[in-house]
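Reviewing the structure listed below.
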Amino acid sequence: MNTSTMEGAQMSTKKIAARAALVACLGWMAAFPALADNTLKDVRFATGSGGKVDITFEFAEPIGAVNAFTTDVPPRIAIDFPDTTNAFEARRLAVGSGAASAVSVVEAGGRTRAVVDLFRSAGYTTRSDGNRLVLSVEPGSAASATAGLASPDPAKRIDSGIRVAAVDFRRGDDGAGRVILRFNQEGAQASLRRDGDLIFLDIANAQLPVEQQRRLDVTDFATPVTRLEPRSLDGGTQLLVSTEGLVETSAYQTGNEYILEVTPKGRAAAPAIGQAGSAAQAQRYTGRPVTFNFQDVPVRTILQLVAEESGLNIVASDTVQGNLTLRLINVPWDQALDVVLRAKSLDKRRDGNVVWIAPQAEIAAFEQAREQARMDLENKSELVSDMIAINYANAEEIATLLTDGSKQAQGGGGGGQNQERGFLSPRGSVSFDTRSNTLLVSDTARKVEEIRALVAVLDRPVDQVLIEARIVIAQESFARNLGSRFGVSGADGDVVTSGSVESNRQFLNTVAQNNALLARYNQDLADFNAGLSTTRPTLPTLALPTFGDILNTSLSAPGLNAGAIAFSILGEELDLDIELQALQTENRGEVVANPRVITANQREAVIKQGDEIGFTTVQGVGANATATVQFKEAVLELKVTPTITQDNRVFLTLGVKKDEVAEFITLPGGGEVPRITKREVTTAVLINNGQTVVVGGIYEFDRREDLQKVPFLGDIPALGNLFRSKGRSSEKAELLIFVTPRILQVAGARR
């Protein structure tokens, strides 16, 4: 749509004048009597290809000559039908398609006038077909060229040489979507309209190259804009912008760029530049909504309009020059001002109700020169000395923080000699006295006051933390073993003859027989020793048989000191001895260690208890062997560094361990070394104040089943139990480590 280059007030005056002229014309027509030869019966429309709209006027008789004219402000097409009455009952037909908004029909003075309201200036053609007249409205263009009446050929466009060079999309501050159209030269004439969730941007005098005709999916940018679809339309360019949700739009044009900003309704996009302070921070605009629609208007004129709307006193620098094409509808005036500043690389500084506007480089140079003058004046100021007592912190640490421990100042405009050292000026110095824990500061009066205020913030007591740990070691074991032993023994009738032992193959297994044999043996031995007989042969060495010697099988329970039940069946020549064994053991144990320690915030604390185990190692062999005594720690230890967070929780970096001596191992070369069982955890965890958490745990389970048997015999039902031994054991061990921090708040401590 073509817009006037005049100011907003002048544009409003022109609109009012055009409307008044149209009303006067209608009134003038109403003064004439009706001399009608034809009748307008119906008006209808149909949409064509490329956004065209065909409006058909149907009459009772064939149509004759008609008169037509257009207006740019507001954009309209008016057609007069002389000697025609109006029989169209609707009076107004809503179109809402292409460039056509609606058709109004009015009769006066024997003529009928049809007025087509347009969204934007557009060309048109007419053609007659008997008792019908068809008005074809173009999609819209910057120029309001019209075709001749009753001409079959549409108006031809003139190639302006303007091409779309790029279609770009950016995500602005506060979630706004920014569509940027770049042209190969200035002079592009664009018009903007909305239809629901669609925004149509038409540039009638700019052609779209083939390489730019591609759809862009911008959903991933998380803005109200979801899709961009540039397309060529009737020799011009149309950009279709798809949005979602309630949005507000603003657009401006500068040079060869056209920028469209789509912002979620209720929020305004913060400007990227031209705002004092942090330009990256989102800003909410509160100014009264204004509407600006200018084509190639001087920037100084737009600033004057903003001053009138805002009530501010705006002072523009002489270097503020150039023109701007701007289209802003119902946007706050302060946002409109930021858009203008951003479009022309300007910046502003406000002092009360006076706003100074100048190019960014000019304002930056001014502020840099002012800062340099301040620093030069400060370097000539008199130095003062002051003593600052430190109560809770360490004076040496604070002195390091104020000088070497701090970051060097960046920027400031001065050279190396004007650059400040940490928190001190180039001429300042700080020292400390460890005996009285006092800072000695020498600097300008302003710097000394700043350091004193800084020390007052740093020199505060810190909260303390009580850390309590519990180490629980639970052990449980179970074992059950079953076994048996049995034997068969007997005598074959051999006896001891006089003076010799003819058979000693098997001793009698009864107590009486054993005693008799033992008595005879003792008597013969005594006679032999006395020398009473020299012909008696040497008797064999005899030993009393034990119970185990007379057992044929032994499948004992593997456990020591197993309970046993033994019984014998005695006969004249055959004895049966049986022993049954069973063992069951159960062990349960629990070890609880509970170390506690208090420390200041962000200070490491260590507490431990235990023994140092001494052991001897031998080096060398023989006379060169050397024994050395060494020591090994077996302790319970808690090492922790707490950090209190801003939300009153505790971040712990801790290490917990518990060592025990399991046994001593004898070395082959001599000496013994201890075998130490270690339990340890090192971790970092965030815990609520007073909360108990398990920071570590180990669970061990060992289960074992053993079976010993005589092949084949051990598999016999029932009787096979005499030929096999069974054992079953299980061991459980569990380690749990609990930690509980509690914040001990100190009065005056910094939270």
Side-chain angles (χ1 to χ4, degrees), residues 1-2 47-54 96-100 118-125 136-145 153-172 176-244 247 249-262 295 325 327:
M1 178 179 65
N2 280 342
T47 58
S49 62
K52 290 184 179 181
V53 178
D54 292 336
S97 179
L118 304 177
F119 291 113
R120 55 193 173 275
S121 297
Y124 69 92
T125 59
S136 297
V137 182
E138 299 290 336
S141 65
S144 58
D153 298 325
K156 296 184 178 180
R157 301 182 184 276
I158 300 176
D159 187 359
S160 62
I162 302 177
R163 304 288 186 272
V164 177
V167 179
D168 197 3
F169 183 81
R170 304 288 173 83
R171 187 182 191 276
R178 181 174 298 165
V179 182
I180 304 174
L181 266 71
R182 294 187 179 90
F183 304 96
N184 63 338
Q185 63 185 39
E186 299 182 7
Q189 298 174 351
S191 61
L192 185 70
R193 62 184 176 90
R194 290 182 57 181
D195 185 5
D197 291 338
L198 299 178
I199 301 175
F200 297 91
L201 178 60
D202 296 317
I203 308 97
N205 64 336
Q207 296 184 3
L208 183 67
V210 178
E211 62 271 14
Q212 297 296 336
Q213 298 181 19
R214 61 183 186 276
R215 180 180 299 180
L216 303 178
D217 187 351
V218 294
T219 307
D220 295 340
F221 285 85
T223 69
V225 181
T226 60
R227 181 169 52 92
L228 302 179
E229 186 177 352
R231 55 193 180 187
S232 180
L233 186 63
D234 292 340
T237 300
Q238 183 180 71
L239 177 63
L240 177 63
V241 181
S242 299
T243 64
E244 60 181 10
V247 297
T249 61
S250 62
Y252 61 93
Q253 183 176 353
T254 173
N256 62 338
E257 287 188 350
Y258 185 93
I259 294 92
L260 168 64
E261 291 189 354
V262 182
Q295 180 74 27
T325 298
R327 186 179 189 273

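Everything numeric here is computed off the predicted structure, so don't read it as measured data.
The two residues E138 and A99 make their nearest non-hydrogen contact at O-CB, 3.5 Å. In plain terms, the two heavy atoms of N256 and E186 that are nearest each other are N-CG, 3.9 Å. Smallest separation of non-hydrogen atoms from F183 and A206: CE2-CB, 4.0 Å. Pairing each heavy atom of V164 with each of T237, the nearest pair is CG2-OG1, 3.8 Å. Contact record, V247 with P224: CG1-CB, 3.4 Å, taken as the closest heavy-atom pair. Nearest heavy-atom pair across G177 and V225 is CA-CG2, 4.4 Å.
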Checking side-chain contact (heavy atoms from CB on, under 4.5 Å) for the pair V241/L198: CA distance, chi angles, key distance, verdict?
CA-CA 6 Å; V241 181; L198 299 178; over 6 Å; no
Decide yes or no on side-chain contact (heavy atoms from CB on, under 4.5 Å) for R194 and I199, but give the supporting numbers first.
CA-CA 4 Å; R194 290 182 57 181; I199 301 175; 3.9 Å; yes
Would R193 and D202 satisfy side-chain contact (heavy atoms from CB on, under 4.5 Å), going step by step from the backbone distance to the final call?
CA-CA 9 Å; R193 62 184 176 90; D202 296 317; 4.0 Å; yes
List the steps, then state whether salt bridge (charged side-chain N to carboxylate O under 4.0 Å, His left out) holds for K52 with D54.
CA-CA 7 Å; K52 290 184 179 181; D54 292 336; over 6 Å; no
Is there a side-chain contact (heavy atoms from CB on, under 4.5 Å) between F200 and L192 once you walk through the steps?
CA-CA 6 Å; F200 297 91; L192 185 70; over 6 Å; no
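Remark: side-chain polar atoms of Q212 are paired, donor with acceptor, to backbone N or O of A165 under 3.5 angstrom. R171 places a side-chain N or O within 3.5 Å of a backbone atom of F221 that can act as its donor or acceptor partner. In this structure, E261 contributes its side chain and A176 its backbone to no donor-acceptor pair below 3.5 Å. Under a 3.5 Å cut-off, the side chain of D168 and the backbone N or O of I180 do not form any donor-acceptor pair.
For S242, the side chain to side chain donor-acceptor pair (under 3.5 Å) test picks out R227, with sequence neighbours left out. Evaluation of the side chain to side chain donor-acceptor pair (under 3.5 Å) rule for T219 yields D217 as partners, not counting sequence neighbours. For D197, there are no salt bridge (charged side-chain N to carboxylate O under 4.0 Å, His left out) partners, not counting sequence neighbours.
Atom CD of Q207 sits about 12.5 Å away from atom CG of L233, to the nearest 0.5 Å. Annotation: the span from R170 atom CZ to T223 atom OG1 amounts to 13.5 Å, rounded to 0.5 Å. Atom CD1 of I203 and atom CZ of R163 lie 13.5 Å apart (nearest 0.5 Å). In this structure, CZ on F169 lies 9.5 Å from CG on L216, to the nearest 0.5 angstrom.
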